[in-house]
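Accompanying notes for the structure given below.
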Amino acid sequence: MSDETLPQPSESPEAPAGPYIYDYAASPQRQVVMPKTVPLPSLRTYEAEVKAAVAADEAKWQKMLADFETAKAKAEAEGKEAPKPPVRPVPRKDDNDLKTPWPQEAKDDDLHRLQERLGGKVEEIFEQAGELTCQVSKEAILEALQLCRQDIALNYEMLADQTATHYPAATGFAFSVVYHLTSISRRKRLRLRILVPEEFSPESACAVYPSANWMEREIYDMLGIRFANHPDMTRILCPEDWEGHPLRKDYPVVGWGQRDIAFREDRGGMLERIALQKAGQLGINLKQPKAE
Amino acid sequence: MGVSLNQPSTLEQILITTKVEKVMNWSRATSVWPVTFGLACCAIEMMAAGASRFDFDRFGAGIFRATPRQADLMIIAGTVTYKMAPVIKTLYDQMPEPKWVIAMGSCATAGGPFDSYHTIQGVDKIIPVDVFIPGCPPRPESLIYGFMKLQDKIMTSSLADRYKDIFEEVG
């Protein structure tokens, strides 16, 4: 079958050259998109944002007033009718009931007790949606955990969860390590948080809460934070020879090619056995018997 | 008492002429013993296929062996991760010839929804696969249909074909 008999595709530039092939490597799911913001909940950041928004609104209003004054003076000079005075726009009412609860002032006694006992080592305390958060300095985390566990007024017996997040856009720190404590006797929960820069080893919580052992190993496996004084700081989910830490934001979803393995070709270990046989180490004769 | 010429003789009544290869294939196809080996949710469907409602034993494949050295079939039922791949390869190597592999479900055939760093995109990158069964997870009927396809493949296979490429490699 010759090519002349086939209908030739039109030469318009819109027409694709051949059959449509999805560019698998260029698909948007496979691109590493680094976040530009630091979505870390913090009362200080929230107050600064609110203040900046109010200041921007005020600046906009002042600019409108100034524009009105210049337009008015110009109209008077030209003998025209004066323009209308501006009306300050009322902020639009947001009826969205799915809004994120914003951080609020700490009212709980536990947070104030932590601040009182730890002093300057507490960087920030706030509440958000009824959850207590206390951010301590990264060197004082073991002290804070000991206090939470042993202080009779706090009495947080259980480390329910320990996890970390990567914030590549942040300045001054790269990760936040979060400790979720639960007090079974007092039916309360508390969140401790430290901000850790790259290559910093925070103190391991295993001395206070033994359940931190595997969670810290998981954090090391997924994000690469090495905890100091940990009994066994090795990978827990990935194999021992794994390269990279998959939950970092700069890690591609498809990995660094570890999954593209192919030991299909060595069919049932046959090539290896043949190699062994050629080396004279295997007594099995795989050769086809030939007729004399 | 007259003897009809159309009546077969006694010898013809008790003898069937066939090929050795056909008998071998028939015996192999009707007693395929799988390995007890499941990786993810497809293994639940595999267990359901083996249980009384679907009764995999009707096809001679209900005896799930606890060791690969007594098994003929490996049903890859579930997601194949990078960490599990050498284990699967070792189990496959431990199975005696002739051996067959069924890739069950979309994860084992092509990675499924897990287009991620840790999932092998199809078990055929590791071991040769005879039958692919689509589905997420496939119902026991699908597994049984795929197994019947494998039986057809075994019935049409030749003893010489199976080892031809190996003999060619050895020379």
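Proteins come first, then strands; the chains are lettered A, B, ... in the order of their sequence lines, and each starts at number 1. Computed from a predicted model, the values in this text were never measured in an experiment.
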Does CD1 in B:Ile14 sit with more than 12 non-hydrogen atoms of other residues, nucleotides or ligands closer than 6.0 Å?
-> yes

Let me check something: any side-chain donor-acceptor pairs from residues 193-201 of chain A under 3.5 Å, sequence neighbours excluded? List them with distances.
{"residue": "A:Arg193", "atom": "NE", "partner": "A:Gln135", "partner atom": "OE1", "Å": "3.4"}
{"residue": "A:Arg193", "atom": "NH1", "partner": "A:Pro41", "partner atom": "O", "Å": "2.8"}
{"residue": "A:Arg193", "atom": "NH2", "partner": "A:Pro41", "partner atom": "O", "Å": "3.0"}
{"residue": "A:Arg193", "atom": "NH2", "partner": "A:Gln135", "partner atom": "OE1", "Å": "2.8"}
{"residue": "A:Glu198", "atom": "OE2", "partner": "A:Arg248", "partner atom": "NH1", "Å": "2.7"}
{"residue": "A:Glu198", "atom": "OE2", "partner": "A:Arg248", "partner atom": "NH2", "Å": "3.0"}
{"residue": "A:Ser201", "atom": "OG", "partner": "A:Arg226", "partner atom": "O", "Å": "3.1"}

Between B:Asp115 and A:Val253, which heavy-atom pair has the shortest distance, and what is it?
-> O-CG1, 3.8 Å

Ring pair (Phe, Tyr, Trp, His ring centres under 6.0 Å) with B:Phe59: which residues, sequence neighbours excluded?
-> none

Report, one line per pair, each donor and acceptor closer than 3.5 Å where one atom sits in a side chain of residues 60-70 of chain B; sequence neighbours left out.
{"residue": "B:Arg65", "atom": "NE", "partner": "B:Gln70", "partner atom": "OE1", "Å": "2.9"}
{"residue": "B:Arg65", "atom": "NH2", "partner": "B:Gln70", "partner atom": "OE1", "Å": "2.6"}
{"residue": "B:Thr67", "atom": "OG1", "partner": "B:Arg69", "partner atom": "N", "Å": "3.2"}

Pick one of side chain, backbone, both or neither for B:Thr119, based on which atoms fall under 4.5 Å of a heavy atom in chain A.
-> backbone

Interface residues of residues 77-85 of chain B facing chain A - heavy atom cut-off under 4.5 Å = B:Tyr82, B:Lys83, B:Ala85

Within 6.0 angstrom of A:Arg189 CZ, more than 12 heavy atoms from elsewhere | no

Are there more than 12 heavy atoms of other residues, nucleotides or ligands under 6.0 Å from atom CE of B:Met148?
-> no

Under 4.5 Å heavy-atom distance to chain B, tell me which part of A:Trp256 shows up: side chain, backbone, both or neither.
-> neither

